[in-house]
Amino acid sequence: MIADTNVAGLSLIVAGAVLVLGFIVVSALRHRAKGQRPEIPLTMRPGPSDQALETPLLLKMQGWGIVLITFFVLWFPIQWLLEPGTNLKQEEALKTESVERGERAVHPFTEENQLGVGCTRCHGNELRGGVINALDADGNPIYAYPADLTTICGGPSTGHPRIFTVDDIFQVITEGRNAMPSWSIRYAGALDDQQINDLVLYLVEMSSQNVPFEDNVCLNKEASDAAIKANAELPTPINPRDP
């Protein structure tokens, strides 16, 4: 039993001696491989040169510059080509919304239709003429003028002798005429220019469905010029701004 213990202890001593000897040999070989110079810590070693640091960054910036220049060289012409179509779609969308507001405006104001102005009260439910809720000096009912707004863009050819352009429609709503009061805020009315413009666009859209293009003074400049010329040739030309 004692002999076994001595053998085990001797074995441990030998193994420890071998490990120490191995460590000494490896350390000696490492120092010899490095010329017996001590190893410099990483934090104390010299860093890369400015050129080595700046060159990759410069190349990266130049590369991104080329990419961006290429992008804008392609992007600007594409946008320039697409812009007219985009503007046309936006203009059509704005006109459609304006016509819809104008259609709602001609009907009376209600909780459901808070854009209502009530043009139908005087011009009839279908805007073909009606009786104004008022009497003239002789006690007779005042009839709506013009009689039929659904053909107002026909101008003189459809019984609207003072309508030669779409501006005349705007002027009538803005300043009033005969029994019709002015509706513009500028003339003590209740509507701003946008609201009046909505009404005008709706009337133009609606009446253009009933008036041929060749007679439409709102959309056809030739028809408007012809109506103005015919009016100028009358013995007593009509001023569209007169009552």
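- Residues meeting the disulfide bond (SG atoms under 2.5 Å apart) test with Cys218, sequence neighbours left out: Cys153.
- Residue Phe164 is found in a hydrophobic cluster whose other members, listed by chain and number, are Ile228; membership requires side-chain heavy atoms under 4.5 Å apart, directly or through intermediates.
- The salt bridge (charged side-chain N to carboxylate O under 4.0 Å, His left out) test applied to Glu175 returns Arg241, not counting sequence neighbours.
- Sorted by first and then second residue, the pairs that involve residues 204-221 and meet salt bridge (Lys or Arg N to Asp or Glu O under 4.0 Å), not counting sequence neighbours, are Lys221-Asp225.
- Taken to the nearest 0.5 Å, the CZ atom of Phe76 stands 8.5 Å off from the CZ atom of Phe71.
- For Ser208, the side chain to side chain donor-acceptor pair (under 3.5 Å) partners two or more places apart in sequence, or in a different chain, are Asn216.
- Cluster partners of Ile78, using a side-chain heavy-atom cutoff of under 4.5 Å among ILVMFWY residues and allowing indirect links, are Leu82.
- The aromatic rings of Trp75 and Phe72 sit perpendicular to each other, their planes meeting at more than 60°, with 30° as the lower class boundary.
- Counting heavy atoms from C-beta on, the side chains of Thr110 and Asn113 come closer than 4.5 Å.
- For the pair Val106/Leu199, a side-chain contact is recorded, criterion being any heavy-atom separation below 4.5 Å from C-beta on.
- Screening residues 52-99 for disulfide (SG to SG under 2.5 Å) gives no qualifying pairs among residues at least two apart or on separate chains.
- Alongside Leu58, the hydrophobic cluster contains no other residue (criterion: ILVMFWY side chains under 4.5 Å).
- When hydrophobic residues (I, L, V, M, F, W, Y) are linked wherever their side-chain heavy atoms come within less than 4.5 Å, Leu88 remains an isolated member.
- With sequence neighbours excluded, the residues that form a salt bridge (charged side-chain N to carboxylate O under 4.0 Å, His left out) with Arg101 are Asp198.
- If you chain together hydrophobic residues whose side chains sit under 4.5 Å apart, Ile152 and Val172 fall into the same group.
- Residue-environment remark: CG (Asn87) exceeds the threshold of 12 foreign heavy atoms within 6.0 Å.
- Between the Glu83 side chain and the Trp80 main chain, no donor and acceptor come within less than 3.5 Å of each other.
- The shortest side-chain heavy-atom distance between Leu234 and Thr236 does not fall under the 4.5 Å cut-off.
- A donor-acceptor pair is defined here as one N or O able to donate and one able to accept, closer than 3.5 Å; no such pair exists between the side chain of Ser98 and the backbone of Leu94.
- Judged as a side chain to side chain donor-acceptor pair (under 3.5 Å), and not counting sequence neighbours, Ser207 has no contacts.
- Linking ILVMFWY residues whenever their side-chain heavy atoms come closer than 4.5 Å, directly or via other members, places Leu219 and Met206 in the same cluster.
- Every side-chain contact (heavy atoms from CB on, under 4.5 Å) that Ser182 has, sequence neighbours left out, goes to Tyr187.
- Under the 4.5 Å side-chain heavy-atom criterion for grouping Ile, Leu, Val, Met, Phe, Trp and Tyr, Val117 is not connected to Ile185 through any hydrophobic cluster.
- Although no hydrogens or angles enter the test, the distance criterion places a donor-acceptor pair under 3.5 Å between the side chain of His160 and the main chain of Asp148.
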